[in-house]
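Take a look at the structure below.
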Amino acid sequence: MTLIRMNVNGSAKSLEIEPRVSLLDALRERLGVTGPKKGCDQGACGACTVLADGRRINACLALAIQYDGCQITTIEGVDHPLQEAFVRHDGFQCGYCTPGQICSAIGMLSEYEAGMPSAVTDSGGLGEAEIRERMSGNVCRCGAYNGIVGAIMDVAGSDAR
Amino acid sequence: MSIQTETTTDTAPYVGRPVERLDGPAKVSGQARFAAENHYPDMAYAALVHATIARGRIAAIDTAAACAVPDVIAVLTHENAPAMIPAPKLSLLDLSTVASATSVNYLATDEVHWNGQPVAVVVAETWETARHAASLVDLSYEELPAVVDFAAEAPNAVPERSMPLMPSKADKGKAAQALADAPFSVDLQFSTPPHNHNAIEPHATTAVWDGDQLTLHEPAQNIPWLRKHLAKRFGIPEEAVRIISPFVGGAFGGKSRAWPGVLIAAMAARATGRPVRLALTRAGVYHTVGGRTPSTQRVALGADAQGKLTALIHTSVSRTGRVGGMAEPITAASRHLYAVPNIHLSQRSVELDLLSNTFMRAPGEAIGTFALESAVDELAWRMGMDPIALRMLNEPDRDPAGGQRFTHRMLREAYTRGAENFGWHQRDPRAGARRDGPWLVGMGVATAYHPSMRMPASVTLRLHADGTVVMRCGMHEMGMGSATVQAQIVADEMGVPLASVHVEYGDSDLPPSAGAIGSVQTASVAAGVIAASTMLKRSLLTLARRAPGSPLRGRKLEDLQARDSGLHHPDGGQTYAEILSAAGRDHLEAAFKPSMLGFVARMAIDSRRWVTGASGAQFCEVRVNADTGEIRVSRWLGVFDVGTVINPRTAASQLRGGIIMGIGAALSEQTLIDGRTGRIMNPSLSEYHVPVHADIPHIDVDWLNEPDPTTPLGMHGIGEVGITGVAAAVANAIRHATGKRVVDLPITLDKLL
Ligand code: FES
Ligand code: FES
């Protein structure tokens, strides 16, 4: 057991935890923070995406002890125009991938702003192709992709371009 | 169809308006709680041990190492687990028997029937401990020969019985002779692989016993069936089972039956006296929840020199499991789509030593339309005809197989509108004629079809003195927007603002809904809402007429309008609040409970009189890289005839979701089964390729919005029609782009090189 301290959505948490516990399980099962979802537990779906010190990560692939001292933001701690835009654009159906999509989109927008390129970066602006490429780690089996891209375009159009 | 943001004032009518999802705010803020997100003090965690052979017996099972792990509470195997009552056999007299996913009595037998069958469960204080201990359970087997290779076994298939209520067979005229005599014909063999649902929420059960009372948090597509099934398996009354399922993280058919996880979770909770959470791993879902059958299909078409079809033969081979599964209506859509005098449709199947197949979005039709609609396209090529013109020419006036009339049929209009809006007329009819750099560009079309059905659903409406209406129905929300669309209907039927309607759903304590299967739920529950509203308004009128001086005295319900939260006549009316307060009541309730018997009788009569289905025209543009064979879907338009659309915003998402799953089936999805061991080789989201953002272009959907005269509010279910025809439209576009006809799904680039 190791003692770790994290700031989760603005509140300080300390946890006695085994080294093998993933950040996702620590959040969901130990801290009752169930916004981040488990879809695959192996980094293939993005449902577990959270922001660690502002960067998007798959919480299922992260061990909690690696994040000792970090600031973790999950969907519960997000207050962002994307949320309203997702509702307006119907960027989800069942809603299970949604917390991951939104956290991932927030992380993606700041990666873009910081000048990080993607595989399709060649032209100007954050267009649909760029968003699709950068969001492809977040699977939506309900197929709400059009709405998700629409919501991101909508929000990015005002503050990220 | 672009959806306008809802700006109109908050008054009826709401049906037809793109109302935002009522549960939207909960879903974008992390407040929506799914089944694995309910915590109990003292809760334990369970993990399954899966068999690693396809068929045989457990010779020995050694749990000592697992039991020795600190914090392990129990390791249950066939040697020590309490036996459940065996699963009921399928009976049409009790449709809840469809919930019996397999005939195996888990952990009560040493027999192994499929590779992946659960053979033990570990219960521990934490998930990590349970999973680790599960890996230490040591098994040895006596293996028996197993038949697991579908392709090898397909030649031995035997004729199969149709799925209940969904006929697939037909014989009319002399199809073989007509085919031989036809001046133009095609005769093609197709194959489609197994598919898995891959809802992003893995199945997860939280089971709690209180004496003989069982409470389950469980993602369920059919709460009443599951409840009945669990009651039978655990020997308790139905009322003793409570299923709570307010949010389901996608299902697509995969959460409609009692798969091993839910049963073993409940058993483990009872055996250990602890609340137990059993959340399946992604691989665990593949190993314990069935998927879509693979198929081989033959479609042969004969036509005269003008393109009039003279013969249609569609046959299929699919598979079930030796322990369960049932026919999927693969040739069913071929009953309804083309005016042909000579038709032969039949299905055969093989039984394999694999987990049961099960319903997955448009079972049968999704893959059957791939074969039929590819063959129709190929016939158009052979005849040098436009594929839309060929379809128009053969559009039937009555049901080709059964001779009944259609309640609603607008495929011609769908194709006309789609062709116009997709730019079909700019298409150069020659294959490979359009090139954009390295990309060959092609366009294809195909017809979508799914039958329209309903099942009984009970609905209670309660009107409160403050004018709010509470709708209670144990229906399921897996992303269709169930609560939102039903609230719209309640608001219209009762003439109240949408904000005054509260919908309670997803709980077995509520009046039983129809299952969210077969695209039946929305229309079925709507029928219940309409019936309950009528009852409620009748009771209100009765109350009002008793009050002296009521302007409603002497009025009949038929002469009144429900609007502005009251019953109104041009000469005057009363609000519900006034009626209730005059009668000294604080609420009034109406409960509609349909009779199953009456329902079945009605359905039998209707099916002889007419045929009802949702249909559509799918338009696809693909770009195929001439050097690498890479295939990208670049544009899509689906124009649907789905009757009245209740909510354009959620309907568009449903139809798009179907189309996207169809694109997955066309280009990338397949469950790979080792032909020697029967083991699924790609039980993960990294190796089973569902479409991701970068695979999907903007998908346009449109609908004709003409009500069907025989359905509640004129609507059809739309959960499944969207996926039908999609794989064929992609294959047909690829045929146009490259000149190559691919008959085996998925169409991966190697098939074009
Ligand atoms: S649960 Fe972490 S990526 Fe799927
Ligand atoms: S909304 Fe269901 S998986 Fe994305």
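This is a predicted model, so every value here is computed, not measured. Throughout, a chain's letter reflects where its sequence line sits, starting with A, and its residues are numbered from 1.
- Side-chain contact between B:Ser482 and B:Gln521 is present, with heavy atoms from C-beta onward closer than 4.5 Å.
- Heavy-atom contacts from other residues, nucleotides or ligands closer than 6.0 Å to CG of B:Asp42 number more than 12.
- For chain A, the option among B:Leu685, B:Asp23, B:Ile200 with the highest count of heavy-atom pairs below 4.5 Å is B:Ile200.
- Looking at B:Ser686, both its backbone and its side chain come within 4.5 Å of chain A, counting heavy atoms on both sides.
- With A:Gln93 contributing its side chain and B:Gly481 its backbone, the two residues share no donor-acceptor pair below 3.5 Å.
- The part of B:Pro697 that comes within reach of chain A is its backbone (N, CA, C, O), which places non-hydrogen atoms under 4.5 angstrom from that chain.
- B:Ser653 has its side chain within reach of B:Arg21: a pair of non-hydrogen atoms, C-beta onward, lies under 4.5 Å apart.
- Highest contact tally toward chain B, considering only A:Ile75, A:Val21, A:Asp90, A:Thr74, is held by A:Asp90 [criterion: heavy-atom pairs under 4.5 Å].
- Proximity to chain A (any heavy atom under 4.5 Å) is shown, for B:Ala36, by both the backbone and the side chain.
- Under the 4.5 Å side-chain criterion, counting only non-hydrogen atoms from C-beta, B:Pro202 is in contact with A:Tyr96.
- The parts of B:Gln654 that come within reach of chain A are both its backbone and its side chain, each placing non-hydrogen atoms under 4.5 angstrom from that chain.
- Proximity to chain A (any heavy atom under 4.5 Å) is shown, for B:Glu128, by both the backbone and the side chain.
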Self-check item: side chain to side chain donor-acceptor pair (under 3.5 Å) evaluation trace for A:Glu16 with A:Thr2
Solution: CA-CA 5 Å; A:Glu16 280 277 353; A:Thr2 312; over 6 Å; no
Exercise. Show your working on side chain to side chain contact (heavy atoms under 4.5 Å, CB included) between A:Asp154 and A:Arg88 and close with a plain yes or no.
Key: CA-CA 10 Å; A:Asp154 205 345; A:Arg88 210 163 357 100; 2.8 Å; yes
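- With sequence neighbours left out, A:Arg20 forms a salt bridge (Lys or Arg N to Asp or Glu O under 4.0 Å) with A:Glu18.
- Top candidate by heavy-atom pairs under 4.5 Å with chain A, chosen from B:Arg33, B:Glu37, B:His197, B:Arg282, is B:Glu37.
- For the pair A:Ile17 and A:Ile65, the minimum side-chain heavy-atom distance is below 4.5 Å.
- In summary, B:Lys255 and B:Glu218 do not engage in a salt bridge, as defined by a charged side-chain N under 4.0 Å from a carboxylate O.
- Of residues 30-40 of chain A, those residues lying under 4.5 Å from chain B by any heavy-atom pair are A:Arg30, A:Gly32, A:Thr34, A:Gly35, A:Lys37, A:Lys38, A:Gly39, A:Cys40.
- Between A:Ile102 and A:His80, the closest side-chain pair of non-hydrogen atoms is not below 4.5 Å.
- A distance below 6.0 Å separates the ring centres of B:His217 and B:Tyr40.
- A donor-acceptor contact shorter than 3.5 Å is absent between the side chain of A:Asp68 and the backbone of A:Met6.
- Using a cut-off of 4.0 Å between Lys/Arg side-chain N and Asp/Glu carboxylate O, B:Arg635 and B:Asp700 are scored as not salt-bridged.
- Only the side chain of A:Asp41 comes within less than 4.5 Å of a heavy atom of chain B; its backbone N, CA, C and O stay farther away.
- Neither the backbone nor the side chain of A:Val78 has a heavy atom closer than 4.5 Å to any heavy atom of chain B.
- By a heavy-atom distance cut of under 4.5 Å, A:Arg132, A:Glu133, A:Met135, A:Ser136, A:Asn138, A:Val139, A:Arg141, A:Cys142, A:Gly143, A:Tyr145, A:Asn146, A:Ile148, A:Val149 are the residues of residues 131-150 of chain A near chain B, going up by number.
- The contact between A:Gln42 and chain B is made entirely by side chain atoms (from C-beta outward), counting heavy-atom distances below 4.5 Å.
- Proximity to chain A (any heavy atom under 4.5 Å) is restricted, for B:Ile660, to the side chain, taken from C-beta onward.
- Using the six-membered ring where Trp is involved, B:Phe247 and B:Phe34 have ring planes that are tilted, between 30° and 60° apart.
- For a residue to count as touching a neighbouring chain, one of its non-hydrogen atoms must lie under 4.5 Å from one of that chain's; by this rule B:Thr129 touches chain A with backbone and side chain alike.
- Contacts with chain B were tallied for A:Glu128, A:Arg28, A:His89, A:Glu76; A:Arg28 has the most, counting heavy-atom pairs under 4.5 Å.
- By the salt bridge (Lys or Arg N to Asp or Glu O under 4.0 Å) test, A:Glu29 pairs with B:Arg277, sequence neighbours left out.
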